[in-house]
Amino acid sequence: MTSAVSILPSQQLDALNAEYRGAIARKRLRFYVATILFIALLVLAGIGAEVNFRTFFTYFGNFVSYFDRILKLDDGSRVWTNIPEWFWGSKKWLKLLGETLLISYVGTLTGMVFAFCLNFLAAENTSPAPWPRFLVRRLLEFARTVPGIVFALIFVIAFGLGPMAGVLAIAVHSTGALGKLFSEVVENADMKPVEGIRSTGASWLSSMRFAVLPQVIAGFVSYTLLRFEINVREASVMGFVGAGGIGQELVVAIRKFYYSDVSAILVMIVVTVFLIDISTGWLRARLFGAEART
Amino acid sequence: MSQLERPDPQQLRGRYPHVFDRPMAARLATPLMLVLALAIFGFGLVDLEFSPSRMLSGLSQLGWIARMMLPPDPGSSLPLYLKALGETLSIALLGTTLAALAALPISLLAARNVVPSAIFRFPVRRIFDTIRGVDQLIWALVWINVVGLGPFAGVLAIAISDFGALGKLFSEAIEAADRKQVEGIRAAGGSRLHEVRFGLIPQVLPVIAGQVLYFIESNTRSATIIGIVGAGGIGLQLAEQIRVLEWQTVSFLILMILVAVAAIDWISGKLRFAIIGRRAIA
């Protein structure tokens with residue numbers, strides 16, 4: 001029971017085969033050229049960053065032994081055999097962690113308020129005129145492209161050392177990031193309610209309030225919670241430049257080789273970040289149901 | 001034309017009590033949450049030593065700084081800054097590539113359709129989570145301790161923190177892959193390794209390539225800041241110029257970073273489009 005497979009006459013077949021091989025060969029060639037280009041770029045980058053891979057492998061041993069060292073107490077025993085000694089500074093560190101959380105909370109909320117005020121001007125469909133849209137968009141772009149820690153560096157000089165600079169840096173950066181996300185949410189909103197409200201003779205402000213806001217508020221809150229998660233991480237390093245929070249303590253511990261302190265603070269930061277991630281995830285699910293998670 | 005019967009409000013109220021009288025808890029929830037949020041905000045302002053006078057003097061100081069920044073001017077060390085910018089781009093490229101190379105095999109171990117047993121998957125995922133829980137700057141500091149100051153520490157910091165992020169993304173991409181190809185390979189008599197190589201990898205490679213490109217792009221941003229703690233690149237110059245209050249140079253450096261980031265965004269957007277088409281640009 002052989003079934004016949006119809007085969008084209010060889011002239012046609014040869015032409016098709018040749019075309020197929022040609023296409024494959026072109027694809028291969030493109031792939032090889034791309035690979036070679038990429039490797040050339042890597043080599044160039046390796047020269048630029050002064051990397052060589054022989055030293056990498058010797059350093060990798062150092063890296064492992066670094067973790068070995070930060071998991072040892074001063075008397076040479078493992079950290080988990082003597083928890084109170086490991087977390088000897090937990091009272092101070094917890095207070096600083098609390099400060100870190102407050103910095104990110106206040107920063108996120110301030111950023112959200114500014115982003116909220118600005119995004120209606122930046123969104124395509126709700127902006128009252130082109131020039132404020134252009135202006136606000138460039139402003140938000142600037143605020144989100146310059147890294148938060150650069151703002152912190154500058155604010156530390158303007159506002160003095162301390163958590164205030166950290167809060168403002170996070171607020172500015174969040175304004176930029178949230179403003180863009182918010183305006184995208186607004187652009188996806190249904191415009192029919194706006195027309196409805198407009199037709200009753202409402203002003204721009206009230207059409208925003210009664211037609212757009214009810215549609216977008218859930219998205220706004222969801223994005224703000226996500227941003228809060230990110231900002232907790234960011235606030236944990238604000239102390240590196242003197243802008244408050246646990247980072248100050250960590251940078252001192254790392255630079256002065258207080259090995260067990262490094263691991264203790266790292267553990268506390270990681271646990272805090274986990275807890276925040278889990279609780280904001282829970283809150284988002286509670287507020288919007290599982291399907292609204294973005 | 002029949003007149004619609006007007007419903008009696010009293011009767012409706014009686015019939016659907018839960019519509020008219022929402023429980024106290026539901027009615028109070030939103031205002032209570034707002035009050036709580038504001039209370040924490042107020043407490044934060046007090047605890048973090050905000051004061052109107054500090055705010056005002058800081059803002060006027062900031063205005064002065066902004067005026068001093070104009071016009072942007074590199075001073076005499078433009079070649080140095082260009083070299084530092086090149087270093088930053090190198091750090092981003094090398095770090096991401098290293099992370100991707102390391103994350104690809106490990107992420108297979110974290111994917112449900114490759115390793116069905118949770119005993120192996122669980123620790124791998126937790127390792128990814130832990131690595132991601134620590135900020136890139138902290139990794140940079142740790143690596144500086146291990147390999148010394150310089151761009152190499154930056155490469156390794158980006159590599160390790162992206163290893164966590166890419167590992168998670170890769171394993172999700174692998175889990176989202178179609179089972180049919182894998183089953184086809186198995187039906188043709190392929191081994192487990194063949195299934196992965198010929199069934200999974202061709203499906204996920206374009207997605208992975210897109211993600212790696214996106215990370216190179218976002219790492220250009222991060223590579224500018226890890227220099228602030230001493231891990232090489234343009235961030236080092238920026239932090240130095242801020243500390244010595246050379247504001248014109250600072251604004252020039254910031255502009256340079258913005259232009260470089262925009263250029264990389266544009267290039268990688270084009271490349272991603274060429275590799276995976278419009279569908280997976282996320």
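Below, chains carry the letters A, B, ... as their sequence lines are ordered, and counting in each starts from 1. Computed from a prediction, not measured in an experiment: that's the story for all the values here.
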Show, in sequence, the C-alpha distance, side-chain angles and deciding distance for B:Met55 and A:Leu168, and conclude whether the side chain to side chain contact (heavy atoms under 4.5 Å, CB included) test is met.
CA-CA 10 Å; B:Met55 197 74 197; A:Leu168 293 173; 3.8 Å; yes
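- Of the atoms belonging to A:Leu266, it is side-chain heavy atoms, and not backbone ones, that fall under 4.5 Å from chain B.
- For A:Ile70, no part lies near chain B; criterion is any non-hydrogen pair under 4.5 Å.
- For a residue to count as touching a neighbouring chain, one of its non-hydrogen atoms must lie under 4.5 Å from one of that chain's; by this rule B:Leu141 touches chain A with backbone and side chain alike.
- In this structure, the side chains of B:Leu48 and A:Met164 stay at 4.5 Å or more apart for every pair of heavy atoms.
- Only the side chain of A:Val167 comes within contact range of chain B, with at least one heavy atom under 4.5 Å from a heavy atom of that chain.
- Residues of residues 216-229 of chain B lying under 4.5 angstrom from chain A, judged on non-hydrogen atoms, are B:Arg221, B:Thr224, B:Ile225, B:Ile228, B:Val229 in numerical order.
- Of all residues in residues 27-44 of chain A, those placing a non-hydrogen atom less than 4.5 angstrom from a non-hydrogen atom of chain B are A:Phe38, A:Leu41, A:Leu42.
- Only the side chain of B:Ile65 comes within less than 4.5 Å of a heavy atom in chain A; its backbone stays farther off.
- A:Ile269 touches chain B through its side chain: at least one heavy atom from C-beta onward sits under 4.5 Å away, while N, CA, C and O do not.
- Annotation: maximal heavy-atom pairing with chain B below 4.5 Å, among A:Pro147, A:Ala165, A:Gly166, occurs at A:Pro147.
- Taking non-hydrogen atoms and a 4.5 Å limit, the residue list of residues 241-262 of chain B in contact with chain A, ordered by number, reads B:Ile242, B:Arg243, B:Leu245, B:Trp247, B:Ile254, B:Leu258, B:Val261.
- Residues of residues 237-249 of chain A lying under 4.5 angstrom from chain B, judged on non-hydrogen atoms, are A:Val237, A:Phe240, A:Val241 by number.
- Neither the backbone nor the side chain of B:Ile131 has a heavy atom closer than 4.5 Å to any heavy atom of chain A.
- Proximity to chain A (any heavy atom under 4.5 Å) is shown, for B:Thr130, by both the backbone and the side chain.
- Counting heavy atoms from C-beta on, the side chains of A:Val273 and B:Asp135 never come closer than 4.5 Å.
- No more than 12 heavy atoms of other residues, nucleotides or ligands lie within 6.0 Å of CZ in A:Phe114, so this atom counts as exposed by the packing criterion.
- Put simply, the side chain of A:Tyr105 gets close to the backbone of B:Ala37: a donor and an acceptor are under 3.5 Å apart.
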